[in-house]
Amino acid sequence: MDKYIIKGATKLKGSVKISGAKNAAVAILPAAILTEKTVSLQNVPDIDDVRTLIQILENLGANIRRRGRNALDITPGGLFRHAPAYELVKKMRASYYFMGSLLARFGQAKVPIPGGCDLGPRPIDQHLKGFAALGAKIEIKHGMINLSTNGLKGSRIYFDVVSIGATVNLMLAASAAEGRTVLENVAKEPEIVDLANFLNAMGASIRGAGTDVIRIDGAKSFHGAQHVIIPDRIEAGTFMLAAATTGGDVLVEDVIPKHVEAITAKLRETGAELEIEPERIRVWSKGVLKPSDLKTFPYPGFPTDLQPPGMVLLTAAKGLSVVTENVFDGRYNHVDELKRMGARIKVEGRTAMIDGGVKLTGAPVHVTDLRSGAALIIAAIAAEGESEINAIEHVDRGYEDFNKKLTGLGACIRRVEGPVVQEERINDK
Ligand code: EPZ
């Protein structure tokens with residue numbers, strides 16, 4: 001397990017370019033197998049999750065050609081397997097999107113049940129209910145989900161909870177179903193819109209992405225396509241929150257301001273200053289922040305993925321702030337670690353009360369998932385003294401060059417390779 005050694009009390013200053021969206025890429029790569037022709041993708045983030053998906057695609061028989069660091073050509077004509085390798089799939093939860101895409105391509109899929117995770121329970125009942133409604137037979141045996149069909153048929157599906165994963169999986173499967181599918185109470189995240197644009201570029205017919213209802217007219221065949229992945233709004237939000245937390249001044253470039261409105265609003269409430277241009281946002285703060293309440297919700301609400309770094313911001317604001325996590329049951333892994341750095345936080349159920357305004361002090365801390373990792377790194381940059389952030393592999397999964405980008409803003413971060421203690425269970429995407 002590698003670690004970061006961070007010398008703190010740094011105000012982040014300068015500009016940073018945002019990479020392509022992880023959560024769009026991890027849906028779009030599995031979607032590429034709907035065609036047999038070549039798909040060219042640009043602005044693909046160079047992160048561990050994408051590297052794992054490339055391995056899964058190659059293992060299934062796809063041909064992948066890298067064109068530079070952030071561009072890929074995928075030619076899945078020679079796909080010969082409908083069962084992604086367990087060793088690869090277990091590394092990342094989003095590999096369950098192969099359920100939808102393999103079902104669409106072959107009429108069958110055999111994918112391991114996504115494992116336990118660090119954000120609380122994460123059922124997939126809505127995915128399975130949707131596949132069944134399209135006419136798939138589902139059998140769960142020996143830890144595998146076996147899906148098969150003699151032909152998917154369009155249907156009307158109402159999701160009981162708003163789920164990004166279920167929306168993606170059903171968009172994939174329904175794109176190849178006969179007739180019309182109507183998905184109701186769907187996720188509206190920009191990554192869903194990006195996936196719809198990509199599938200439409202391949203010949204799918206998807207309308208309404210970005211609203212509560214998506215209508216899909218199934219296509220008989222799909223062709224090659226070119227697509228540029230949208231910027232990562234969560235990465236952008238992470239740097240915006242980091243700028244304000246450290247009392248710094250950061251220009252965040254290559255961002256779509258509409259996608260981060262919940263974050264700009266929250267930052268303004270805490271007294272941070274912002275200048276918003278069409279593709280860049282400058283965030284700065286003189287270091288005096290006001291407390292605020294933060295509630296996570298599906299898009300366009302405040303994203304749960306930014307709740308951990310949002311909480312770090314509130315530890316810097318003098319007074320009482322309340323955080324309510326509405327999306328996941330157990331997404332407070334970072335709290336005990338922040339307490340080790342001196343934060344005063346009390347958690348009751350889904351609510352965390354933060355008595356902010358204490359200067360954090362560096363400490364050894366342990367990362368358990370991607371966004372907690374980002375939060376602890378920001379806390380360490382703001383804290384007095386030295387911190388040791390352990391198990392940073394979680395962060396490599398989802399942020400391209402996170403330490404380099406932070407170092408470019410003045411942070412003092414050193415990566416130290418550590419011995420492999422035991423295999424980590426990494427499946428919290
Ligand atoms: C996606 O996970 C993201 N992952 C997560 O990003 C993100 O935290 C999460 O959405 C919420 O925004 C990807 O896009 C790859 P959900 P997902 O299905 O799809 C419940 C990150 O750090 N639910 O929208 O797994 C579920 O338990 C990650 O980048 C059901 O009850 O989340 C949760 O409470 C981690 N039944 C809520 O819905 C189901 O069948 C939302 O989950 C499916 C979900």
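A quick note: this is a predicted structure, and the numbers were derived from the prediction, not measured. In listed order, ligands and their atoms are each counted from 1.
If you number the atoms of ligand 1 from 1 as listed, the ones under 4.0 Å from a heavy atom of Gly165 come out as 18 (O), 19 (O). Listed by number with element, the atoms of ligand 1 under 4.0 angstrom from any heavy atom of Arg122 are 2 (O), 17 (P), 25 (O), 27 (O). Near Val26, the atoms of ligand 1 lying under 4.0 angstrom from a non-hydrogen atom of the residue are 15 (C).
With a 4.0 Å cut-off on non-hydrogen atoms, Arg331 touches ligand 1 through its side chain and not its backbone. For Thr304, every heavy-atom contact with ligand 1 shorter than 4.0 Å involves the side chain, none the backbone. Using a 4.0 Å cut-off between heavy atoms, Lys22 contacts ligand 1 through its side chain alone, with no backbone atom that close. Both the backbone and the side chain of Ser163 come within 4.0 Å of ligand 1, judged by heavy-atom distances. Counting heavy atoms under 4.0 Å from ligand 1, residue Asp305 touches it through the side chain alone. Residue Tyr399 does not touch ligand 1, judged by heavy-atom distances below 4.0 Å. Heavy atoms from both the backbone and the side chain of Gln126 come within less than 4.0 Å of ligand 1. In Val162, the part holding a heavy atom less than 4.0 Å from any atom of ligand 1 is the backbone.
Look at Glu325 and Arg350 and you find no salt bridge, because none of the NZ, NE, NH1 or NH2 atoms lies under 4.0 Å from a carboxylate O. In summary, Asp217 and Arg207 do not engage in a salt bridge, as defined by a charged side-chain N under 4.0 Å from a carboxylate O. Using a cut-off of 4.0 Å between Lys/Arg side-chain N and Asp/Glu carboxylate O, Arg415 and Asp396 are scored as salt-bridged. Of the charged side-chain nitrogens involved, at least one lies within less than 4.0 Å of a carboxylate oxygen, so that Arg66 and Asp46 count as a salt-bridged pair. The pair Asp401-Arg69 meets the salt-bridge criterion, since a charged nitrogen lies less than 4.0 angstrom from a carboxylate oxygen. Taking a cutoff of 4.0 Å between a charged side-chain nitrogen and a carboxylate oxygen, Asp305 and Arg331 qualify as a salt bridge. A salt bridge links Asp160 with Lys129: at least one charged nitrogen is closer than 4.0 Å to a carboxylate oxygen.
The closest approach between Glu189 and ligand 1 stays at or above 4.0 Å for every heavy atom of the residue. The shortest heavy-atom distance from Phe297 to ligand 1 is not under 4.0 Å. At least one heavy atom of Pro123 lies less than 4.0 angstrom from ligand 1.
Not one N or O of Val161 is nearer than 3.5 Å to an N or O of ligand 1, by distance alone. Looking at Phe328 next to ligand 1, no N or O pair under 3.5 Å apart turns up. In terms of polar-atom proximity, defined here as any N/O pair under 3.5 Å, Ala94 makes no such contact with ligand 1.
When all heavy atoms of Ala236 and Val260 are compared, the pair lying nearest together is CB-CG1, 4.4 Å. Shortest non-hydrogen contact noted between Val186 and Val213 is CG2-N, 4.0 Å.
Note on ring orientation: taking the six-membered ring where Trp is involved, the planes of His82 and Phe106 are perpendicular (angle over 60°, cut-offs 30° and 60°).
Between Tyr399 and Phe239, a ring centre-to-centre spacing not shorter than 6.0 Å is recorded.
Ranked by closest heavy atom to atom 12 (O) of ligand 1, the top entry among Ile192, Asn23, Leu306, Ile164 is Ile164.
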